[in-house]
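By convention in this document, chain letters (A, B, ...) are assigned in the order of the sequence lines, proteins followed by strands, and residues within each chain are numbered from 1.
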Amino acid sequence: MDEKYFAKKIEDKWQTKWRESGAFEVEETDAKPKFYQLEMLPYPSGNLHMGHVRNYSVGDALAWYKRLKGFNVLHPIGWDSFGQPAEDAAIKRGVNPRDWTEENINHMRGQLQRLGLSYDWRREMAAHRPDYYKFDQWFFLKMYEMGLAYKKMSQVNWCPNEKAVLSNEQASGGICWRCGWAVEKKEIEQWFLKTTAYADQLLDDMAEIEAGWAEKVLKRQRDWIGRSEGAFVEFGIRNSEFGLKEDTNPQSEITNPKSVRVFTTRIDTIYGANAIVVAAEHGIVEANFANFSDETRAVIEKIKADKLKVTDHEAEIEKEGVDTGLKAVNPFSGEELPVWVGNYVMIEYGTGAVMSVPAHDERDFEFARKYDLPIRQVISEPHLAHEHSQMQAMALEQAFTEYGVLVHSDYWNGKTSDAAKKEMTDYAVKHGFGEAATTYRLRDWGISRQRFWGSPIPIVYCDVCGVVPEKQENLPVLLPENVTITGAGESPLAKVPEFVNTVCPNCNEPARRETDTMDTFVDSCWYYFRYLDNQNSEMPFAPEKAAYWTPVDQYIGGDDHAVMHLIYTRFWTKTMRDMGLVTFNEPVKRLLTQGMVIGETFFDVIPNEEDPESKGKRIYFPPDKVTVERDAKGKIVSAKSADGKELQSAVERMSKSKGNGVDPDEMVEIYGADAARLFVLFAAPVENELVWNEAGIEGATRFLQRVWRFTYKWIQEGGFRPLESGFEVEGSRLDSQEFGYKMPSVGFIIKGDNAPGSTKGNSPEVRKLTQKTHQTIKRVTENFESLQFNTPVAALMELSNALYDFKVEPSEANDEERYAVRVALVSLVLMLTPFAPHTAEELYAQLIGNDQGILANGAQFPIADENLAKADEIEIPVQVNGKLRSRVLASPEASNDDLEKMALADAKVAEYTDGKQIVKIVVVPKRLVNIVVK
RNA sequence: GCUUGGGUGGCGGAAUAGGUAGACGCACAGGACUUAAAAUCCUGUAUCCUUCGGGGUGUGCGGGUUCGAUUCCCGCCCUAAGCACCA
């Protein structure tokens, strides 16, 4: 054993050993319970960043913990390797996206391996390889068969100059990223997956995972799905010349060309309706458009045009509208209402038409204020109901959106909102002008992308047969090689004749392929099922393998994926269940969302007034090129660039472009993988943001070195020489029931009823150390079970400090002392494994005298012995009137009476109680005594 | 604007279930070792007062419940994230 701790040396050694022995390679077995530990797979951008390091360090710690707890742990990794950056690199630099991606994967795989992450590398998958995307296509065809994939018109961002479809990022700010032209919306036909068919299941099945998912994630998903219960109500149209051309209400089953159907969650407010407001695209507008005045038409055209503008979602859009002159009839009151077009009504949601009730809806209120429409209160707070019913009009300052009691509502007066909602809906149904309805915010998932670097959608267009799905046996539909990608034009594949021109799978006549590729979120929907069976060329995976390994026991990733990815993959699982591939509803039992890693940034803001496009843009400076002055508290006073320019600073998400990224390779080079990983886990709770601070990592190194030095000293100075008397000694490993894990030998093993480690020991020091050992085991175990990673590191540091406090020289230590140290040290090393596996492996090897490795030796996570963890004496604080005045030492078994007596007998306490009347004494067993005096 | 988290030393953060606030680490200061430095080891470090025994205050602010509140309740302030016309 080296006297000094050389991180690089032991990390190389153990990484090689693990690889050669296949230490983390697993297969299905009934011998152990399974545990599927999964982390979100990286996009192969070229370099690992600290966010990855954090994510994978947490996952690896859990994987190791579960292994040491006797589980058969599946811990795989792969690559989310389709996507825009590869294509952008191809456009900008003319590289082949495939080569670019493969190179990046090779580099990043090396980075992961240098971190010593315990993956089963045989199971690696990459989305861009045909053996994977073949099954994206396989799934698409299945969904097409099931009626879950369909085509419809939909909007994309469109650059009229480049004639190219842009992603949201490329259209950021409403201008094309390449040429700067104003981006427009354009309607093209695209493929959709029917996520809405599972809206209710996506909501209701949350009950199954509530215990393991953070509430904030579930809440965001609930909001995203946005189920609202309400009613459709039909308003007759009095002077509509043409009526509706067709039923424009996709969710409706009642069609009446002479009416407008609205969706409302507040049918109880219907007597307060002052208008019907419809979207500009609504059928009733189209049908009567010719009859409208020029001004009306102009407003409607403007509203439509505004909707095609790409805007940043920041600014609140001012309400705008126009009275069409059409008249609707409130089916409850018979009152005639004007029909308006309003820019705040969305054609995509509900029926594209609302009843405007300004008194009880904020948007309608704002609209009514602007156009001076009447505002009538029909819901009142219960205690004001009588008063309100006497008044004709109420001057409301703002909309009253709460539930209450109905007023000015004829027959329904006095009813509560709850009761009225139900009864009025029933009434509408009975009279044929309405029905109960549920609507969702969730839209079907548009998966068409007009890009090259994705999985081709396996559809063929035939002049004879129409839309024809490719045959399963013809999969994969391969991406062509050697395509020049320019970024201009509709879809890169459309310009590759060898790809486009094909024959119809149905009639063998010439036909054309679909040239759109799939959204990369498709790849990440089911990748973790591919790990189970990544060589399978017939099926995405064998259902038996899924039955063994899935659902995923623990998933870890950033909460930026709380909605999209995690909803899509839940949706996908439900379709796989309906295909008979899996038998459960939910793919992930427990989800841990980790916070971002952030760092200080320095930048200059462009004040340029003349060029409005670049105004306000930030130019970032790398922190190491910035001269920073800080005050005594460490706050930045000033920051200057090399040429003396005053810079602003902030704390932001790490990224290359901001110059505040930290290179994991550099960290590993300087401090070692173990120290870097240990620090990342120790620095902050996983859910929190982690502000990167270089200084802290030295603390992690220091801790590992302390453990190393202690072990070295005790081994070198004979602390673990055979015991001298009273104990049976063996030369090989042996299970020690007392400790729940194997206590292997360094020349000795203790056995027998009178072994000192199985008692508390005789000297106070030994008792204290033994106690600390078992208390630490208890704490660390509890922390792992509740997914805390910073506190167990603190506990291990305490145990290490306790060993340093144990002031006995190894050469002079007696059997009892040496045994206690050994138990503490082996426990410490085993508990350190999840955080610093290389160091732990090496220390363990030194302690037991063989190099086979922790897992091969069958070592397990230590188990705490409650009896040994218990303290002989505990300190009981004594309060007088709630203020801490003294402490007394008592046995943990001391009765309340004993504690009370001891407290009263205490001299310090007496100072505060003398001459006062004792009103009450509160005794909390094992906790404290509080004496209340007057 | 709405929703949900979060406010604890110079900093990151601890504190089962209402029961000793500040574990552990960083940073800083002092000491030991050394020719010296680094490393290491030891000591101290919420704050104010102190006759050095100790005492007062303190978990964003104001109130409440309780023998006792960082923890529970009410009101407010600040902050981060998400959503943003979803009827």
* **A:Lys920 vs A:Val691, nearer the 5' end of RNA chain B by closest nucleotide** =>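 First, find each residue's nearest nucleotide; the 5'-ward one identifies A:Val691.
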* Structure fact -> Comparing nearest nucleotides in RNA chain B, the 5'-proximal residue of the pair A:Glu698, A:Glu689 is A:Glu689
With a 4.0 Å cutoff (strictly under), does any side-chain N or O of [X] reach OP1 or OP2 of [N]?
X: A:Tyr912; N: B:G55; result: yes
X: A:Lys883; N: B:U57; result: yes
X: A:Tyr349; N: B:A87; result: yes
X: A:Arg706; N: B:G25; result: no
X: A:Ser228; N: B:A87; result: yes
X: A:Arg702; N: B:C26; result: yes
X: A:Asn790; N: B:G25; result: no
X: A:Asn688; N: B:G13; result: yes
X: A:Arg709; N: B:C41; result: yes

Can you figure out which of [options] approaches the side chain of [X] most closely?
X: A:Tyr804; options: B:A87, B:C41, B:C83; answer: B:C41
X: A:Arg885; options: B:A27, B:G55, B:G13; answer: B:G55
X: A:Pro685; options: B:G25, B:C85, B:G13; answer: B:G13

For [X], answer base if it contacts any base atom (sugar-phosphate contacts may also be present), sugar-phosphate if it contacts only those atoms, and nothing otherwise; contact means non-hydrogen atoms under 4.0 Å.
X: A:Asn801; value: sugar-phosphate
X: A:Gly226; value: nothing
X: A:Arg887; value: base
X: A:Val932; value: sugar-phosphate
X: A:Arg220; value: sugar-phosphate
X: A:Met346; value: base
X: A:Glu875; value: base
X: A:Val878; value: nothing

Rounded distance in Å between the [atom1] positions of [N] and [M]:
N: B:U70; M: B:C33; atom1: P; answer: 45 Å
N: B:G56; M: B:C41; atom1: C1'; answer: 37 Å
N: B:G25; M: B:U79; atom1: P; answer: 34 Å
N: B:U50; M: B:A14; atom1: C1'; answer: 31 Å
N: B:G64; M: B:U51; atom1: C1'; answer: 41 Å
N: B:U3; M: B:G13; atom1: P; answer: 27 Å
N: B:U65; M: B:A17; atom1: P; answer: 26 Å
N: B:U45; M: B:G54; atom1: P; answer: 14 Å

Roughly how many Å is it from [atom1] in [X] to [atom2] in [N], rounded to a whole number?
X: A:Lys216; N: B:G6; atom1: NZ; atom2: C1'; answer: 11 Å
X: A:Asn881; N: B:U66; atom1: CG; atom2: P; answer: 15 Å
X: A:Ile697; N: B:G12; atom1: CD1; atom2: P; answer: 18 Å
X: A:Leu889; N: B:U20; atom1: CG; atom2: P; answer: 16 Å
X: A:Asn930; N: B:C67; atom1: CG; atom2: P; answer: 10 Å
X: A:Leu681; N: B:G12; atom1: CG; atom2: C1'; answer: 14 Å
X: A:Ile267; N: B:A87; atom1: CD1; atom2: P; answer: 15 Å
X: A:Phe367; N: B:C85; atom1: CZ; atom2: P; answer: 16 Å

* To do: Determine the interplanar angle of the A:Trp692 and A:Phe679 rings, folded into 0 to 90°, and report it as parallel if under 30°, tilted if 30 to 60°, perpendicular if over 60°.
  => perpendicular
* Base of B:G9 relative to its sugar, syn (within 90° of 0) or anti? ->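 What B:G9 shows is a syn base, its glycosidic angle lying within 90° of 0.
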* Conformer about C1'-N of B:G53 - syn within 90° of 0, anti elsewhere ->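 Chi for B:G53 falls in the syn range.
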Could you tell me whether [X] and [Y] have a side-chain N and a carboxylate O separated by less than 4.0 Å?
X: A:Lys421; Y: A:Glu229; answer: no
X: A:Lys302; Y: A:Asp306; answer: yes
X: A:Arg266; Y: A:Asp361; answer: no
X: A:Lys216; Y: A:Asp559; answer: yes
X: A:Glu215; Y: A:Lys219; answer: no

* To do: Examine the side chains of A:Asp200 and A:Tyr440 and answer whether a donor and an acceptor come within less than 3.5 Å of each other.
  =>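 Judged by distance alone, the side chains do pair up.
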* Asked: Is the number of heavy atoms from other residues, nucleotides or ligands within 6.0 Å of NZ (A:Lys304) greater than 12?
  -> yes
* To do: Tell me the partner of B:G5, counting only Watson-Crick (N1-N3 plus N6-O4 or O6-N4) or G-U wobble (N1-O2 and O6-N3) with both under 3.5 Å; none if nothing fits.
  =>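 Answer to the pairing question: B:U79, which forms a Watson-Crick or G-U pair with B:G5.
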